[in-house]
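Source: prediction; values computed, not measured. Counting starts at 1 for both ligands and their atoms, in listed order.
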Amino acid sequence: MSSILTYIAIADGKVKRSSLEVLSHSKKLADAAGFTTEAVIIDPNASNYVEDVQKYGASKIYLVEDALFSEHRNSPLLSALAKIVETVDPKVTAFASTEGTKDILGALAANQKAAVVADVSSFELIDGGIKATRPVMAAKILANVEAKGNKVLVSVRSGSYDLNESPATAEVISVDAGVSEGDLKAKLREIISSTSDTIDLNEAESIVAAGRGVKDDEGKALISELAGVLNAGIGASRALTESGMYDPSLQIGQTGKVVSPQLYIAVGISGAIQHVAGMANSKVIVAINKDPDAPIFEVADYGIVGDLYKVLPPFIEELKKIKT
Ligand SMILES: Cc1cc2nc3c(=O)[nH]c(=O)nc-3n(C[C@H](O)[C@H](O)[C@H](O)COP(=O)(O)OP(=O)(O)OC[C@H]3O[C@@H](n4cnc5c(N)ncnc54)[C@H](O)[C@@H]3O)c2cc1C
């Protein structure tokens, strides 16, 4: 029987939410097509995540459990994935569009002579492959693309699909990575994190983003407090990453991160096209800006026209009250 195989990414001891979103969608497509829903976990503690993954409907879970995968390294990951794709022979192999996926997808496609579409916002099965929608040109244009072939790979932007639990009892199959430390030509010495921010913006359910309207430490403290109350990640416009007020890794937009959280609060951000390109896919957008004509209100679901220094303190207090 044909299958859709989803690669489950693990980070910081947790299954990435974006992988489960892809698995939820794959399950829906597989059920409609009479395919099986399968998943692969590649991690030193892969078996720890079986329970999470079968909750989303995988009926077969392949585990590559090896200390080699304690850090992201493209060469062993590529070998393990190539082996799995050859063994399982799925109709489609689906990935969340994470940094790790970006690092290996092209190489895996070349290695497997597979058709590949990267960074799509939706995909469906068609005869001989998939059709997908892919935001291009800073998300100004949605390209409809097709990938056909014996092997098809697709990566999906986070936030494109909702999580949908559909518990199954999975058959768990252990697979040997087929590669050992001695086979690797490159050694990973150290990973230097560029930011101390602990919430990964690509995975964050909520993001509070600061723009040039946030002028000083007082404004920055308000942003941090709001993010703290909402357990949100902090992002910034290019105006504030270029000024050095926020780390460049927190920049959202065309030349920064593309995010799609459930809630995006833009504070003192005008809504330039290059910024909107990175956040327009958010589920609910709230904008706080003193200029009623700011373009950010065109993409916002809720808008507050006012001075952020006056709006945020009572806003934060109200949220705290609701939380308690
Ligand atoms: C090739 C290229 C790539 C780019 N890539 C990116 C990118 O990835 N990400 C990105 O963000 N930008 C990017 N830019 C820059 C982009 O064009 C804008 O210049 C930038 O987004 C503006 O940031 P901003 O909205 O914070 O600042 P501004 O445009 O200056 O807007 C500040 C806003 O704050 C409001 N404001 C001021 N004071 C207050 C207050 N007290 N209370 C409430 N509101 C207030 C103002 O009304 C205004 O709307 C790129 C530009 C180029 C040319």
S121 and R134: side chain donor to acceptor below 3.5 Å: no

Enumerate, atom names and distances included, each donor-acceptor pair closer than 3.5 Å involving a side-chain atom of residues 39-50, sequence neighbours excluded.
residue, atom, partner, partner atom, Å
D43, OD2, N45, N, 2.8
S47, OG, E65, OE1, 3.4
S47, OG, E65, OE2, 2.7

More than 12 heavy atoms from other groups under 6.0 Å of CD on E51: no

Residues clustered with V85, ILVMFWY side-chain links under 4.5 angstrom: none

Shell of residues surrounding ligand 1, defined by a 4.0 angstrom heavy-atom cut-off that is strict: G211, R212, G213, K215, S237, R238, A239, Q251, I252, G253, Q254, T255, G256, G268, I269, S270, A272, Q274, H275, N289, K290, D291, G306, D307, L308, Y309

Pairing residues for Y62 by the ring-ring contact (aromatic ring centres under 6.0 Å, His included) criterion, not counting sequence neighbours: none

Geometric class of the F123/H25 ring pair [parallel <30°, tilted 30-60°, perpendicular >60°]: perpendicular

